[in-house]
Amino acid sequence: MNLLETDSAALLAAVRRVLIAKGVLTDAEIADRIAKTEQASPALGARMVAKGWLEPDYRALLLEDGTKAAETLGIMIRGAPPLGVLENTPLVHNLVVCTLCSCYPRAVLGYPPFWFKSAAYRARAVRDPRGVLAEWGTLLPDNVRVRVVDSTADYRWMVLPQRPAGTEGWDEAQLAAIVREGDMIGVTVPDGARLREKTLYPER
Amino acid sequence: MTGFAAGTAVRVRDDWPETRGPVHIRTPHYLRGMRGEVVRPLGAFPNPEDLAFARTAPVIPLYHVRFDQPSIWGEGRSGDEVVVEIFEHWLEPV
Amino acid sequence: MDKDLFRAHHDLGGVSKFLCEPIDKEPHILTDFDREVDAIRQVLAAKKLMTTDELRRGIEAIPEEDYHRLSYYQRWIRSITDNMLRRGVVTEAELRAALEGQ
(Lines give C-alpha, C1' and ligand atoms only; values in the text may rest on other atoms or scores of the structure.)
Protein backbone atom coordinates (compact mmCIF):
# COMPACT_ATOMS: atom_id res chain seq x y z
CA MET A 1 0.00 0.00 0.00
CA ASN A 2 1.10 3.55 -0.73
CA LEU A 3 2.53 4.93 2.48
CA LEU A 4 0.78 8.25 1.93
CA GLU A 5 -2.61 6.53 2.07
CA THR A 6 -2.01 5.47 5.65
CA ASP A 7 -4.63 6.60 8.17
CA SER A 8 -3.84 10.25 8.93
CA ALA A 9 -3.54 9.94 12.71
CA ALA A 10 -1.13 7.01 12.37
CA LEU A 11 0.82 8.88 9.70
CA LEU A 12 1.18 11.94 11.92
CA ALA A 13 2.37 9.83 14.86
CA ALA A 14 4.91 8.03 12.68
CA VAL A 15 6.25 11.17 10.98
CA ARG A 16 6.50 12.96 14.27
CA ARG A 17 8.30 10.06 15.92
CA VAL A 18 10.85 9.74 13.10
CA LEU A 19 11.49 13.49 12.88
CA ILE A 20 12.07 13.67 16.63
CA ALA A 21 14.23 10.52 16.69
CA LYS A 22 16.42 12.00 13.96
CA GLY A 23 16.77 15.30 15.79
CA VAL A 24 14.97 17.28 13.06
CA LEU A 25 12.55 18.76 15.59
CA THR A 26 11.56 18.41 19.24
CA ASP A 27 8.35 18.08 21.24
CA ALA A 28 9.11 21.45 22.82
CA GLU A 29 9.36 23.15 19.42
CA ILE A 30 5.97 21.78 18.41
CA ALA A 31 4.35 22.81 21.70
CA ASP A 32 5.92 26.27 21.49
CA ARG A 33 4.68 26.73 17.93
CA ILE A 34 1.14 25.72 18.86
CA ALA A 35 1.18 28.21 21.76
CA LYS A 36 2.49 31.01 19.52
CA THR A 37 -0.06 30.27 16.80
CA GLU A 38 -2.92 30.48 19.27
CA GLN A 39 -1.89 33.98 20.26
CA ALA A 40 -3.12 35.23 16.89
CA SER A 41 -6.87 35.85 16.66
CA PRO A 42 -9.29 38.26 14.96
CA ALA A 43 -8.84 40.56 17.98
CA LEU A 44 -5.48 41.62 16.48
CA GLY A 45 -6.97 42.61 13.13
CA ALA A 46 -9.85 44.32 14.95
CA ARG A 47 -7.40 46.55 16.84
CA MET A 48 -5.82 47.59 13.55
CA VAL A 49 -9.22 48.39 12.07
CA ALA A 50 -10.33 50.41 15.09
CA LYS A 51 -7.09 52.40 15.14
CA GLY A 52 -7.45 52.98 11.40
CA TRP A 53 -10.96 54.39 11.96
CA LEU A 54 -9.71 56.82 14.61
CA GLU A 55 -6.34 57.93 13.23
CA PRO A 56 -6.01 59.10 9.60
CA ASP A 57 -2.22 58.62 9.67
CA TYR A 58 -2.57 55.02 10.81
CA ARG A 59 -5.25 54.40 8.19
CA ALA A 60 -2.85 55.67 5.52
CA LEU A 61 -0.15 53.34 6.85
CA LEU A 62 -2.57 50.39 6.82
CA LEU A 63 -3.33 50.93 3.15
CA GLU A 64 0.27 51.65 2.23
CA ASP A 65 2.00 48.85 4.14
CA GLY A 66 -0.13 46.44 6.17
CA THR A 67 2.92 44.61 7.50
CA LYS A 68 4.38 47.79 8.98
CA ALA A 69 0.96 48.78 10.37
CA ALA A 70 0.70 45.44 12.17
CA GLU A 71 4.23 45.64 13.52
CA THR A 72 3.54 49.15 14.83
CA LEU A 73 1.06 47.48 17.21
CA GLY A 74 3.56 44.81 18.19
CA ILE A 75 1.98 42.12 15.98
CA MET A 76 4.77 39.93 14.66
CA ILE A 77 4.68 39.47 10.89
CA ARG A 78 8.32 38.49 10.42
CA GLY A 79 8.53 35.12 8.72
CA ALA A 80 4.96 35.43 7.44
CA PRO A 81 3.99 36.73 3.97
CA PRO A 82 3.49 40.50 3.54
CA LEU A 83 0.08 41.82 4.57
CA GLY A 84 -2.05 43.94 2.24
CA VAL A 85 -5.09 45.89 3.44
CA LEU A 86 -8.10 46.54 1.17
CA GLU A 87 -10.33 49.49 2.00
CA ASN A 88 -14.11 49.29 1.78
CA THR A 89 -15.65 52.58 0.68
CA PRO A 90 -19.24 53.75 0.09
CA LEU A 91 -18.79 52.52 -3.51
CA VAL A 92 -16.52 49.44 -3.24
CA HIS A 93 -16.89 46.30 -1.14
CA ASN A 94 -13.93 43.89 -0.95
CA LEU A 95 -14.26 40.13 -0.55
CA VAL A 96 -11.18 37.92 -0.02
CA VAL A 97 -10.94 34.31 -1.20
CA CYS A 98 -8.19 31.85 -2.10
CA THR A 99 -9.47 29.69 -4.95
CA LEU A 100 -6.27 27.62 -5.21
CA CYS A 101 -5.80 26.69 -1.55
CA SER A 102 -6.57 28.68 1.59
CA CYS A 103 -4.22 31.68 1.86
CA TYR A 104 -5.41 33.64 4.87
CA PRO A 105 -4.00 36.57 6.88
CA ARG A 106 -3.20 34.33 9.83
CA ALA A 107 -0.78 36.73 11.49
CA VAL A 108 -3.63 39.15 12.18
CA LEU A 109 -6.73 36.87 12.18
CA GLY A 110 -5.46 33.51 13.47
CA TYR A 111 -6.39 30.12 12.04
CA PRO A 112 -8.65 30.32 8.98
CA PRO A 113 -12.29 29.37 9.67
CA PHE A 114 -13.73 26.20 8.17
CA TRP A 115 -15.88 28.00 5.60
CA PHE A 116 -12.90 29.88 4.15
CA LYS A 117 -11.25 26.52 3.34
CA SER A 118 -14.40 24.90 1.93
CA ALA A 119 -14.76 24.00 -1.74
CA ALA A 120 -18.11 25.84 -1.89
CA TYR A 121 -16.64 29.17 -0.72
CA ARG A 122 -13.54 28.82 -2.89
CA ALA A 123 -15.61 28.00 -6.00
CA ARG A 124 -18.41 30.52 -5.52
CA ALA A 125 -16.77 33.70 -4.20
CA VAL A 126 -15.16 34.66 -7.53
CA ARG A 127 -18.21 33.79 -9.62
CA ASP A 128 -21.22 34.62 -7.47
CA PRO A 129 -19.91 37.01 -4.80
CA ARG A 130 -23.30 38.59 -4.16
CA GLY A 131 -24.87 35.19 -3.67
CA VAL A 132 -22.12 34.32 -1.19
CA LEU A 133 -22.63 37.58 0.67
CA ALA A 134 -26.37 36.91 0.83
CA GLU A 135 -25.68 33.67 2.70
CA TRP A 136 -24.29 35.83 5.49
CA GLY A 137 -27.20 38.24 5.20
CA THR A 138 -24.89 40.89 3.75
CA LEU A 139 -26.88 42.91 1.24
CA LEU A 140 -25.10 45.67 -0.64
CA PRO A 141 -26.81 48.70 -2.17
CA ASP A 142 -27.04 48.53 -5.98
CA ASN A 143 -24.46 51.26 -6.52
CA VAL A 144 -21.73 49.39 -4.62
CA ARG A 145 -19.21 47.49 -6.75
CA VAL A 146 -17.88 44.18 -5.47
CA ARG A 147 -14.14 43.62 -5.74
CA VAL A 148 -13.24 39.97 -5.18
CA VAL A 149 -9.59 39.55 -4.27
CA ASP A 150 -8.34 36.05 -5.12
CA SER A 151 -5.32 35.55 -2.88
CA THR A 152 -3.09 33.51 -5.15
CA ALA A 153 0.53 34.18 -4.37
CA ASP A 154 2.78 35.91 -1.88
CA TYR A 155 0.53 38.40 -0.11
CA ARG A 156 -2.17 37.89 2.48
CA TRP A 157 -5.14 40.27 2.34
CA MET A 158 -7.44 41.70 4.96
CA VAL A 159 -10.33 44.11 4.55
CA LEU A 160 -10.59 47.46 6.30
CA PRO A 161 -14.37 47.74 6.68
CA GLN A 162 -16.27 51.01 6.82
CA ARG A 163 -16.92 52.40 10.26
CA PRO A 164 -20.62 51.96 10.97
CA ALA A 165 -22.84 54.93 11.73
CA GLY A 166 -23.86 55.25 15.35
CA THR A 167 -20.33 54.73 16.67
CA GLU A 168 -19.42 58.42 16.94
CA GLY A 169 -17.37 59.16 20.03
CA TRP A 170 -16.44 55.52 20.67
CA ASP A 171 -12.91 54.76 21.79
CA GLU A 172 -10.54 52.23 20.20
CA ALA A 173 -11.51 49.34 22.49
CA GLN A 174 -15.24 49.90 21.92
CA LEU A 175 -14.75 50.03 18.15
CA ALA A 176 -12.48 46.96 18.09
CA ALA A 177 -15.14 45.00 19.96
CA ILE A 178 -17.64 45.24 17.08
CA VAL A 179 -15.18 44.10 14.36
CA ARG A 180 -15.46 40.39 13.61
CA GLU A 181 -13.46 37.89 11.60
CA GLY A 182 -15.89 37.94 8.67
CA ASP A 183 -15.81 41.75 8.50
CA MET A 184 -12.08 41.59 7.77
CA ILE A 185 -12.54 39.03 4.98
CA GLY A 186 -15.58 40.83 3.59
CA VAL A 187 -18.39 38.29 4.03
CA THR A 188 -19.97 40.58 6.63
CA VAL A 189 -19.80 44.24 7.63
CA PRO A 190 -19.51 45.51 11.20
CA ASP A 191 -22.58 45.18 13.30
CA GLY A 192 -23.94 48.71 13.34
CA ALA A 193 -24.43 48.69 9.59
CA ARG A 194 -25.83 45.19 9.57
CA LEU A 195 -28.39 46.10 12.20
CA ARG A 196 -29.44 49.09 10.11
CA GLU A 197 -29.84 46.86 7.06
CA LYS A 198 -32.08 44.52 9.03
CA THR A 199 -34.20 47.45 10.14
CA LEU A 200 -34.62 48.55 6.54
CA TYR A 201 -35.37 45.06 5.23
CA PRO A 202 -36.91 43.17 8.15
CA GLU A 203 -38.22 40.41 5.87
CA ARG A 204 -34.68 39.31 5.07
CA MET B 1 12.52 42.42 -16.55
CA THR B 2 10.32 44.72 -18.55
CA GLY B 3 8.02 45.88 -15.77
CA PHE B 4 4.38 46.84 -16.07
CA ALA B 5 3.25 50.19 -14.68
CA ALA B 6 -0.10 50.70 -12.99
CA GLY B 7 -2.82 51.05 -15.62
CA THR B 8 -1.09 48.86 -18.23
CA ALA B 9 -3.47 46.67 -20.22
CA VAL B 10 -2.31 43.05 -20.06
CA ARG B 11 -3.45 39.58 -21.03
CA VAL B 12 -2.92 36.42 -19.02
CA ARG B 13 -1.15 33.79 -21.10
CA ASP B 14 -3.53 31.17 -22.44
CA ASP B 15 -1.25 28.32 -21.43
CA TRP B 16 -2.11 25.05 -19.67
CA PRO B 17 1.04 23.54 -18.17
CA GLU B 18 -1.07 21.32 -15.91
CA THR B 19 -2.06 19.32 -18.98
CA ARG B 20 1.60 18.50 -19.72
CA GLY B 21 2.78 16.96 -16.44
CA PRO B 22 3.30 17.67 -12.74
CA VAL B 23 3.46 21.42 -12.09
CA HIS B 24 2.57 23.93 -9.39
CA ILE B 25 1.14 27.19 -10.70
CA ARG B 26 -0.49 30.15 -9.00
CA THR B 27 -2.42 31.53 -11.97
CA PRO B 28 -6.03 30.38 -11.63
CA HIS B 29 -7.49 28.55 -14.64
CA TYR B 30 -10.41 30.97 -15.00
CA LEU B 31 -8.05 33.83 -15.93
CA ARG B 32 -6.12 32.16 -18.74
CA GLY B 33 -6.38 34.25 -21.86
CA MET B 34 -8.30 37.03 -20.07
CA ARG B 35 -7.56 40.73 -20.47
CA GLY B 36 -7.00 42.83 -17.38
CA GLU B 37 -5.32 45.95 -16.12
CA VAL B 38 -2.38 46.27 -13.73
CA VAL B 39 -3.51 47.85 -10.46
CA ARG B 40 -0.01 48.09 -9.01
CA PRO B 41 3.28 46.22 -8.78
CA LEU B 42 3.56 44.17 -5.56
CA GLY B 43 7.32 43.66 -5.48
CA ALA B 44 9.15 40.52 -6.57
CA PHE B 45 9.20 37.00 -5.15
CA PRO B 46 10.89 33.66 -5.87
CA ASN B 47 8.97 31.78 -8.55
CA PRO B 48 6.58 29.38 -6.74
CA GLU B 49 6.71 27.06 -9.78
CA ASP B 50 10.31 26.26 -8.82
CA LEU B 51 9.98 26.57 -5.04
CA ALA B 52 7.33 23.86 -5.13
CA PHE B 53 9.89 21.36 -6.39
CA ALA B 54 12.72 22.59 -4.12
CA ARG B 55 14.53 24.00 -7.16
CA THR B 56 16.51 27.24 -7.28
CA ALA B 57 13.84 29.88 -7.85
CA PRO B 58 14.47 33.11 -9.79
CA VAL B 59 12.86 36.22 -8.31
CA ILE B 60 10.02 37.45 -10.50
CA PRO B 61 7.92 40.66 -10.30
CA LEU B 62 4.39 40.20 -9.00
CA TYR B 63 1.42 42.40 -9.90
CA HIS B 64 -2.08 43.01 -8.67
CA VAL B 65 -4.21 42.77 -11.81
CA ARG B 66 -7.86 43.75 -12.13
CA PHE B 67 -10.36 41.89 -14.33
CA ASP B 68 -13.95 42.69 -15.21
CA GLN B 69 -15.88 40.03 -13.29
CA PRO B 70 -18.89 39.54 -15.63
CA SER B 71 -16.56 39.16 -18.65
CA ILE B 72 -14.88 36.17 -17.04
CA TRP B 73 -18.07 34.22 -16.45
CA GLY B 74 -20.55 35.66 -18.92
CA GLU B 75 -22.74 36.45 -15.92
CA GLY B 76 -22.70 38.70 -12.87
CA ARG B 77 -23.19 42.36 -12.05
CA SER B 78 -21.74 45.02 -14.34
CA GLY B 79 -18.94 46.91 -12.59
CA ASP B 80 -17.93 44.07 -10.27
CA GLU B 81 -14.30 43.05 -10.54
CA VAL B 82 -11.80 40.37 -9.58
CA VAL B 83 -8.29 41.38 -8.48
CA VAL B 84 -5.57 38.73 -8.48
CA GLU B 85 -1.81 38.49 -7.82
CA ILE B 86 -0.11 37.36 -11.02
CA PHE B 87 3.58 36.83 -11.76
CA GLU B 88 5.11 38.71 -14.67
CA HIS B 89 5.91 35.63 -16.75
CA TRP B 90 2.18 34.92 -16.96
CA LEU B 91 1.39 38.38 -18.37
CA GLU B 92 1.78 39.78 -21.85
CA PRO B 93 1.14 43.38 -22.95
CA VAL B 94 -2.00 43.88 -25.03
CA MET C 1 -13.07 26.46 -24.94
CA ASP C 2 -14.35 25.01 -21.70
CA LYS C 3 -11.60 25.92 -19.24
CA ASP C 4 -13.10 23.59 -16.69
CA LEU C 5 -11.81 20.64 -18.72
CA PHE C 6 -8.15 21.56 -18.37
CA ARG C 7 -7.99 22.81 -14.81
CA ALA C 8 -6.19 20.98 -12.02
CA HIS C 9 -8.64 19.64 -9.46
CA HIS C 10 -7.57 22.00 -6.65
CA ASP C 11 -8.13 25.01 -8.91
CA LEU C 12 -11.69 25.65 -7.73
CA GLY C 13 -12.57 29.21 -8.76
CA GLY C 14 -16.01 29.27 -10.39
CA VAL C 15 -16.18 25.50 -10.79
CA SER C 16 -19.74 24.53 -11.72
CA LYS C 17 -20.17 21.50 -9.51
CA PHE C 18 -19.83 23.56 -6.33
CA LEU C 19 -21.92 26.55 -7.40
CA CYS C 20 -25.13 25.25 -5.84
CA GLU C 21 -23.47 24.00 -2.68
CA PRO C 22 -24.37 26.06 0.40
CA ILE C 23 -21.44 27.30 2.49
CA ASP C 24 -21.05 25.63 5.87
CA LYS C 25 -20.67 28.71 8.08
CA GLU C 26 -20.68 26.82 11.38
CA PRO C 27 -17.54 27.04 13.49
CA HIS C 28 -15.51 23.81 13.42
CA ILE C 29 -13.31 23.46 16.46
CA LEU C 30 -9.74 22.44 15.62
CA THR C 31 -8.59 19.12 17.07
CA ASP C 32 -5.24 18.30 18.66
CA PHE C 33 -4.40 16.53 15.39
CA ASP C 34 -5.08 19.73 13.43
CA ARG C 35 -2.99 21.95 15.71
CA GLU C 36 -0.11 19.51 15.74
CA VAL C 37 0.04 19.17 11.95
CA ASP C 38 -0.17 22.94 11.61
CA ALA C 39 2.69 23.42 14.08
CA ILE C 40 4.93 20.78 12.48
CA ARG C 41 4.54 22.51 9.13
CA GLN C 42 5.60 25.81 10.67
CA VAL C 43 8.63 24.30 12.42
CA LEU C 44 9.75 22.58 9.21
CA ALA C 45 9.34 25.85 7.29
CA ALA C 46 11.35 27.77 9.90
CA LYS C 47 14.13 25.18 9.54
CA LYS C 48 14.05 25.63 5.74
CA LEU C 49 13.04 22.00 5.24
CA MET C 50 9.80 22.76 3.38
CA THR C 51 8.45 25.85 1.61
CA THR C 52 4.80 26.85 1.43
CA ASP C 53 4.86 25.96 -2.25
CA GLU C 54 6.17 22.48 -1.53
CA LEU C 55 3.30 22.03 0.92
CA ARG C 56 0.86 23.23 -1.76
CA ARG C 57 2.39 20.98 -4.42
CA GLY C 58 2.03 17.96 -2.16
CA ILE C 59 -1.61 18.80 -1.48
CA GLU C 60 -2.31 19.27 -5.18
CA ALA C 61 -0.74 15.86 -5.87
CA ILE C 62 -3.43 14.11 -3.81
CA PRO C 63 -5.87 12.35 -6.17
CA GLU C 64 -9.13 14.27 -6.63
CA GLU C 65 -11.36 11.86 -4.79
CA ASP C 66 -9.09 11.81 -1.72
CA TYR C 67 -8.58 15.57 -1.92
CA HIS C 68 -12.29 16.17 -1.38
CA ARG C 69 -12.72 13.35 1.13
CA LEU C 70 -9.84 14.27 3.42
CA SER C 71 -10.05 17.08 5.96
CA TYR C 72 -7.87 20.13 5.55
CA TYR C 73 -5.13 18.96 7.91
CA GLN C 74 -5.36 15.36 6.71
CA ARG C 75 -4.27 16.73 3.33
CA TRP C 76 -1.45 18.58 5.06
CA ILE C 77 0.03 15.57 6.84
CA ARG C 78 -0.01 13.67 3.56
CA SER C 79 1.81 16.49 1.83
CA ILE C 80 4.29 16.95 4.69
CA THR C 81 5.11 13.22 4.58
CA ASP C 82 5.44 13.32 0.80
CA ASN C 83 7.84 16.27 1.00
CA MET C 84 9.96 14.81 3.81
CA LEU C 85 10.37 11.66 1.71
CA ARG C 86 11.22 13.64 -1.42
CA ARG C 87 13.85 15.66 0.39
CA GLY C 88 15.25 12.59 2.09
CA VAL C 89 14.66 14.04 5.56
CA VAL C 90 12.97 10.74 6.40
CA THR C 91 13.00 7.44 4.51
CA GLU C 92 10.17 5.11 3.67
CA ALA C 93 11.83 2.35 5.74
CA GLU C 94 11.96 4.60 8.80
CA LEU C 95 8.32 5.53 8.43
CA ARG C 96 7.19 1.94 7.94
CA ALA C 97 9.15 0.88 11.02
CA ALA C 98 7.54 3.66 13.05
CA LEU C 99 4.07 2.67 11.79
CA GLU C 100 4.64 -0.98 12.74
CA GLY C 101 5.87 0.04 16.17
CA GLN C 102 2.59 1.84 16.98
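Letters A, B, ... mirror the listed sequences (proteins, then strands); counts begin at 1.
A distance of 6.5 Å separates CD1 in B:Ile86 from OG1 in A:Thr152, rounded to the nearest 0.5 Å. We find the CD1-CG distance between B:Ile25 and A:Leu100 to be 8.5 Å, quoted to the nearest 0.5 Å.
Note: B:His64 and A:Trp157 have parallel aromatic rings, judged against thresholds of 30 and 60 degrees for the angle between ring planes.
Taking non-hydrogen atoms and a 4.5 Å limit, the residue list of residues 71-85 of chain B in contact with chain A, ordered by number, reads B:Trp73, B:Glu75, B:Arg77, B:Gly79, B:Asp80, B:Glu81, B:Val82, B:Val83, B:Val84, B:Glu85.
Contact annotation for A:Asn94: neither backbone nor side-chain heavy atoms come within less than 4.5 Å of a heavy atom of chain B. For B:Leu42, the parts sitting under 4.5 Å from any heavy atom of chain A are the backbone and the side chain alike.
With a 4.5 Å cut-off on side-chain heavy atoms, A:Val126 and B:Phe67 do not count as touching. Counting only heavy atoms from C-beta outward, the side chains of B:Arg26 and A:Cys103 approach each other to under 4.5 Å.
Within 6.0 Å of the CZ atom in B:Arg55, the count of heavy atoms belonging to other residues, nucleotides or ligands exceeds 12. Around atom NZ of A:Lys68, no more than 12 heavy atoms belonging to other residues, nucleotides or ligands sit under 6.0 Å away.
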